[in-house]
S.K.: 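My questions will all concern the structure given below.
Numbered from 1 within each chain, the chains take letters A, B, ... in sequence-line order.
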Protein chains: 2
Amino acid sequence: MANGGGDDGDCAQRDDAARAAWLYYVGGMRQDRIAEEMGISRQRAQRLVARAAQDGLIRVRIDHPIGACLDLERQLIRRFGLKLARVAPSLGGQGDSIKALTPVAAAELERLFATKEPQIIGLGTGRTLRAVVENMQSVDGRHHKVVSLIGNVAPDGSASFYEVVMRFADRTGAAHFPMSVPVMARDAEELSLYRSLPHVRSSRELAQTAGKVIVGIGQMEDDAPLFVDGFITAEELASLRAAGAAGEICGHVYDADGRYLDHGINRLMVGVRVPESSDATICIAGGDKKIKALRAALKGGLVASLITDELSAQALLSS
Amino acid sequence: MANGGGDDGDCAQRDDAARAAWLYYVGGMRQDRIAEEMGISRQRAQRLVARAAQDGLIRVRIDHPIGACLDLERQLIRRFGLKLARVAPSLGGQGDSIKALTPVAAAELERLFATKEPQIIGLGTGRTLRAVVENMQSVDGRHHKVVSLIGNVAPDGSASFYEVVMRFADRTGAAHFPMSVPVMARDAEELSLYRSLPHVRSSRELAQTAGKVIVGIGQMEDDAPLFVDGFITAEELASLRAAGAAGEICGHVYDADGRYLDHGINRLMVGVRVPESSDATICIAGGDKKIKALRAALKGGLVASLITDELSAQALLSS
DNA sequence: TCATCAACTGGGCTTTTGCTCAATCGCGCT
DNA sequence: AGCGCGATTGAGCAAAAGCCCAGTTGATGA
C-alpha cells in the first residue's frame with residue numbers, strides 16, 4: 001500500500017513530495033515514521049518534505065487576526081476613508097515587507113476571486129503584485145476575466161518580468177487580456193498608434209469596466225522602479241521629482257496630494273489611469289520606501305482599499 | 001516595536017502566540033530569532049509557537065492534489081455516478097480516517113460557503129462532521145442559513161455533543177436553525193407532537209429547501225453510533241440488523257441497496273430524511289467500519305457527492 | 001559500448017526543536 | 001499581611017530536523 005506504485009515517472013516525485021508533506025504537516029508524523037510509511041529512507045523523507053515546502057506546495061495560514069493589526073486596520077480605514085484595509089503582521093525589524101504582506105494579500109485575492117458571478121478584474125504590475133500572485137492558491141476562476149491595466153513590453157522589447165496577468169490566469173483559469181504593447185510610447189504619435197490597435201483598445205475598454213482593480217505602487221526615490229526598469233531616464237526622473245512627483249500607480253505619476261501630474265511622461269503611458277475616488281481600486285504595497293508614495297495616494301483618494309504590513313501601517317498613521 | 005504593547009490582558013497571550021506562529025511559519029524564522037524579535041526567551045517563543053499550533057491557529061494546506069487521489073476521485077465519480085468526489089491522502093497504515101479527511105473536507109466546505117448568493121445549508125451531526133467543522137476557517141457567511149436536519153437532544157435530555165449547526169454558525173456568522181428536540185420520538189404520538197412544534201416545523205421546512213445538505217454516515221456494527229450514543233437499545237440494533245440495516249444517515253436507516261428500511265425506528269425520527277437521488281447531498285465519511293454503510297448509500301444514490309480518504313476510497317472501489 | 005556527468009542516495013554530524021523538571025512569580029484567599 | 005496554590009519561567013537534556021559529503025546510479029552522448 002505504502003506507495004501508489006505505478007505512477008508516471010515524472011509526476012511521481014512531486015506526488016511523493018506532496019504526500020510526505022501531507023503526512024508531516026497534516027498527519028503530524030515524524031520524518032522517520034513517514035520514511036517507514038512510504039518505504040523510503042529518513043533522509044529521503046526529509047528531502048521530500050523540504051522540497052514540498054520549497055516548491056510552495058505548503059500553504060500555512062494563521063487563523064487569527066492579531067489584535068494589533070486589526071487595530072491598525074481600523075485606524076487606516078478611519079483616517080483615510082478606506083473601504084477596506086488589511087494589515088499583515090510584520091516579520092520583525094528589518095524583515096521584508098513584501099514577504100509579510102504577501103500571504104495576507106494572496107488570501108484576500110483568493111477571497112475576491114471565489115465569487116460565483118463573473119468579474120472583470122484589472123491588474124497592474126510590479127514586484128509586489130507578482131510575489132502576491134505567486135502565492136495564491138489555484139482557485140477556479142474560469143468565469144472571470146483579468147485584464148492588464150498597463151503595457152507589458154519593456155523598453156528593450158522584452159516582455160516585462162513583472163507582468164502578472166498571465167500568472168494570475170495560470171492559477172485561476174480566468175480569461176486573460178494582457179496589453180501586449182510597450183508601457184510607454186515615445187511620442188504622441190506612437191501613443192495614438194498603440195491606442196488604436198484593436199487588442200489594446202479592447203483591453204483598455206475592458207479595464208475601464210473592471211469591477212475590481214488591483215495595483216501596486218511605485219516610489220520616486222533614486223531607485224524608482226520606473227527608472228530601474230528602464231522606462232524613464234535619470235533626467236526624466238529628476239524632472240518628475242522637480243514637478244513634485246510622490247509616487248506612481250500603473251506608471252501614472254502623482255504628487256504629494258495624490259493628484260496626477262500634468263507631465264510629459266504621464267501623457268505617454270499606453271495603459272489606463274486608475275481613476276480617482278473609484279471604489280474598485282485595491283492597492284497592495286508596503287515597505288519604508290513606499291510610505292511617501294502610499295500616503296500621497298491615500299490622500300488623493302487614488303485607492304479605495306489597502307493591503308499592507310504592520311510597519312508600513314504604523315508609518316502611515318504616525319504623522 | 002516588538003510587541004503591540006497596551007493590549008487587553010487576556011487576549012494579548014493569544015495575540016503573541018499568533019504573532020510568534022506567524023514569524024515562525026510565514027516568516028520562516030528560527031525560534032531564537034523570534035525570541036529576540038519579540039524580546040522574550042527562546043523557550044517562551046517555542047511555547048508560543050507550540051500553543052498556536054495546539055489551539056489550531058495554524059492551518060496548513062497542501063496545494064497539490066496527489067495524483068493517486070485524483071485518480072480515485074475519478075473512479076469514484078464514474079463508478080457511483082457521483083457529482084463530486086474528494087479523496088484525502090491517508091495518513092498511513094492505521095492512521096485515523098477522520099484526521100485525514102478533515103482538512104480536505106473543511107476546505108471544501110469553506111469553498112462551498114464562500115459564495116456571495118445566500119444559501120440554505122442542511123447539516124447532519126456526528127463525530128466526523130464535528131471534527132470537520134472545527135477545522136474550518138472562519139469565513140464570513142452571514143448571508144447564509146444553516147439548518148439542522150436532525151434533533152439535537154440526546155435521550156438523556158442533554159444537548160448532543162455532536163451538534164454542529166451551532167459550531168458552524170459560530171465560525172461563519174450564518175443564521176442558524178438548530179432543531180431543539182430529541183433525535184427520536186418514543187412513539188407516534190410524541191412524534192406528531194414534536195413535529196407540530198412551530199420551530200421544528202420551520203426547521204423541517206427550511207431543511208427541505210436546502211440547496212446543500214451535508215451529512216455524515218453511521219455504521220451498523222456493534223458500536224453503531226445510534227447505539228453507542230444511546231438512541232437505540234441493543235435489541236433495537238439487532239432488530240434493525242435483522243431487517244437488513246447497512247447504515248444510517250441522519251438517523252434514517254437503510255439497507256445494503258441504499259433503500260430506507262420500513263422499520264419502527266425509522267418512523268420515529270423527528271428530523272428530515274435525506275431524499276434519494278437529490279443533487280444536494282454531500283457526504284463526509286471514511287474509515288474501515290463505514291465502508292459497508294458507505295457502499296450501500298452510494299448504491300442507493302442517497303448521496304450525490306462524497307468526501308472521503310484514500311484508504312476508504314480504495315476499499316469502496318475494490319469489490 | 002564505454003566514458004562523463006548530473007542528479008540522487010544514505011551516512012554522519014550540527015543545529016534546532018521539544019520536553020521535563022525544579023524554581024519562581026503572582027494572585028487570591030484567609 | 002501571610003500563606004498556599006497554580007501558572008509560568010528558564011535550564012538542561014533528548015529527540016528531531018537539516019545539512020554537507022562522498023559514493024552510487026542512471027542517463028546521455030561520443
Side-chain angles (χ1 to χ4, degrees), chain A residues 2-62 64 66-67 91-95 99, chain B residues 2-62 64 66-67 89 91-93 95 99:
Chain A
N3 187 322
D7 293 276
D8 321 304
D10 199 19
C11 203
Q13 181 104 340
R14 188 52 89 86
D15 274 13
D16 280 354
R19 178 175 295 268
W22 176 268
L23 294 171
Y24 187 69
Y25 288 106
V26 180
M29 284 180 175
R30 309 276 146 201
Q31 294 183 347
D32 42 12
R33 183 91 179 60
I34 296 171
E36 194 186 315
E37 195 66 51
M38 296 180 65
I40 54 180
S41 69
R42 210 238 344 143
Q43 291 82 345
R44 180 146 174 69
Q46 196 272 329
R47 255 185 282 265
L48 286 173
V49 173
R51 174 164 189 178
Q54 178 72 25
D55 291 2
L57 262 48
I58 314 300
R59 204 114 306 168
V60 183
R61 224 173 255 191
I62 311 285
H64 176 84
I66 298 186
L91 296 174
Q94 215 34 270
K99 194 169 175 191
Chain B
N3 187 322
D7 293 277
D8 323 304
D10 200 18
C11 202
Q13 181 104 340
R14 187 53 88 89
D15 276 11
D16 279 355
R19 177 176 296 266
W22 176 269
L23 294 170
Y24 186 69
Y25 288 105
V26 180
M29 283 180 177
R30 306 280 152 196
Q31 294 181 349
D32 42 13
R33 182 92 178 60
I34 295 171
E36 195 185 316
E37 195 66 51
M38 295 179 67
I40 54 180
S41 71
R42 214 256 315 160
Q43 288 84 344
R44 183 147 173 66
Q46 196 273 328
R47 256 184 279 263
L48 285 173
V49 172
R51 173 163 189 180
Q54 177 72 25
D55 291 2
L57 263 47
I58 313 301
R59 204 114 304 168
V60 184
R61 217 170 260 190
I62 311 287
H64 177 85
I66 298 185
L91 296 174
K99 194 168 172 191

S.K.: So does Tyr24(A) get a side-chain nitrogen or oxygen closer than 4.0 Å to the phosphate oxygens (OP1/OP2) of dA17(D)?
M.R.: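 For dA17(D), OP1/OP2 do have a side-chain N/O of Tyr24(A) under 4.0 Å.
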S.K.: Could you report the tightest heavy-atom contact between Leu91(B) and Met29(A), atom names first, then the distance?
M.R.: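 Nearest pair, atom of Leu91(B) first, then Met29(A): O-CE, 3.3 Å.
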S.K.: Just jot down the side chain to side chain donor-acceptor pair (under 3.5 Å) partners of Arg47(B), sequence neighbours excluded, or say none.
M.R.: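 Testing Arg47(B) for side chain to side chain donor-acceptor pair (under 3.5 Å), a comparison that skips the adjacent residues, returns none.
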S.K.: Check whether any side-chain heavy atom of Asp15(A) sits under 4.5 Å from a side-chain heavy atom of His64(B), and report yes or no.
M.R.: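 The answer is yes, as the side chains (C-beta and beyond) meet within the 4.5 Å cut-off.
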S.K.: Kindly write out the residues that satisfy salt bridge (charged side-chain N to carboxylate O under 4.0 Å, His left out) with Arg59(B), not counting sequence neighbours, or none if the list is empty.
M.R.: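 Listed in chain order: Asp63(A).
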S.K.: Rounding to an integer number of Å, can you tell me how far Arg30(B) CZ sits from dC19(D) C1'?
M.R.: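 In whole Å, dC19(D) C1' and Arg30(B) CZ are 11 Å from each other.
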S.K.: Give me the atom names and distance for the closest heavy-atom approach of Ala20(A) to Ile34(A).
M.R.: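 Between these two residues, the closest heavy atoms are O-CD1, 3.8 Å.
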S.K.: Quick check: closest heavy atoms across Val26(B) and Lys99(A), and the distance to 0.1 Å?
M.R.: O-CE, 3.9 Å
S.K.: Return the value, rounded to whole Å, for the distance between atom CD of Gln46(A) and atom P of dG11(C).
M.R.: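 About 14 Å, once rounded to whole Å.
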S.K.: Between the opening five pairs and the closing five pairs of the helix from dT1(C)-dA30(D) to dT30(C)-dA1(D), how far apart are the helix axes, to 10°?
M.R.: 30°
S.K.: What does nucleotides 7-14 of chain D look like as a protein-contact string, B for base, S for sugar-phosphate only, - for none, at under 4.0 angstrom between heavy atoms?
M.R.: --BBB---
S.K.: Rounded off to whole Å, could you give me the CG-to-C1' distance for the Asp32(B) and dT14(C) pair?
M.R.: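 After rounding, the reported distance stands at 14 Å.
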S.K.: Tell me the interatomic distance from Gln31(B), atom CD, to dA15(D), atom C1', rounded to whole angstroms.
M.R.: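 Atom-to-atom, Gln31(B) to dA15(D), this comes out as 14 Å.
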S.K.: My understanding is that only residues two or more places apart in sequence, or in another chain, count here; which of them pass side-chain contact (heavy atoms from CB on, under 4.5 Å) with Gln31(A)?
M.R.: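 Gln31(A) satisfies side-chain contact (heavy atoms from CB on, under 4.5 Å) with Tyr24(A), Arg42(A), Gln46(A), Val49(A) only.
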S.K.: Sequence neighbours left out, what passes side-chain contact (heavy atoms from CB on, under 4.5 Å) with Ala53(B)? Give chain and number order.
M.R.: Tyr25(B), Ile58(B)
